[in-house]
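Read the numbers this way: they start at 1 and go in the same order the structure lists the ligands and their atoms. All residue numbers refer to positions in the sequence shown, counting from 1.
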Amino acid sequence: MKALISWTIRNIPRKYLQRVSHVFLRMAAVFYRGKEVQCNICLRSFRRFLPYGRQARENALCPNCLGLERHRLMWLFLKKNTGFFEKQLKVLHVAPELCFLNRFKKLPNLEYITGDLESPLAQVKMDIHQIPFPDNSFDVVFCNHVLEHVADDLQACREINRVLKPDGWGILQSPVYNLEQTLEDPEIKEPAEREKVFGQSDHVRKYGKDYASRLSKSGLKVTENAFVKTLHQDRIKKHALPENEMIFFCQKG
Ligand SMILES: [Zn+2]
């Protein structure tokens, strides 16, 4: 099962995966029936979550909503640390994750706009280097697992900063490695070489511990929030949350 999932993720583009995967996952949900873990996004319980990732991680993917560890953590952060589910907010969600998309769309308190360059899930076709909205448009911007793909991540952050309202905030998650400094080399263009150096064929950099300070150069105020450390171990286990993931919370600078 693990090998099959790793192969599928490596070889089938994610946009197709997202369209067909639900059939396979519905079947998996039956085999994973149980009470040991619970997805705090869709509230369904399972024996465990499915393995997921290029080097497949055990107990990661919710077979019902497709949420991963990081999504469940962000959902909980939004619930506990923000007024996201209650306040009247205008939201821009860049490269919207499927597990969030349908749920956020239904929240009556949100004016919810999704944008992406390629994703068929998004409403607005947009390049994050040039966000097609006026200054001070949004209360909230989400942009997860995007910045490691884009040519100029600081320009993208300047754009996010620009479109945020003065008291606006956002969450900007990216894979962050145990490196002192972000590794970047625009000369590396070959997919195979990118995979070797940056960990994935469509990544153009590998972020290190300087992630928050690097993004702050755009003008955004970026803080690292060790939210998961504030949670009880039982809850971390129950929802299979990522114990080392920081939440990168940003505010307009
Ligand atoms: Zn779920």
Could you check whether any side-chain heavy atom of I41 comes within less than 4.5 Å of a side-chain heavy atom of C62, counting everything from C-beta outward?
no
Checking the side chain of N109 only, and the main-chain atoms of L89 only, is there a donor and an acceptor separated by less than 3.5 Å?
no
Within a strict 4.5 Å, meaning less than it, do heavy atoms of the N161 and C250 side chains meet?
no
Short N-O contact, K206 and E148, less than 4.0 angstrom:
no
For the Zn ion (ligand 1), which protein N/O/S atoms are closer than 2.8 Å?
C39 SG, C42 SG, C62 SG, C65 SG
Could you tell me whether D139 and K90 make a salt bridge, using a distance below 4.0 angstrom between a side-chain N and a carboxylate O?
no
Below 4.5 Å, heavy atoms only, C-beta onward: do D153 and R214 meet side chain to side chain?
yes
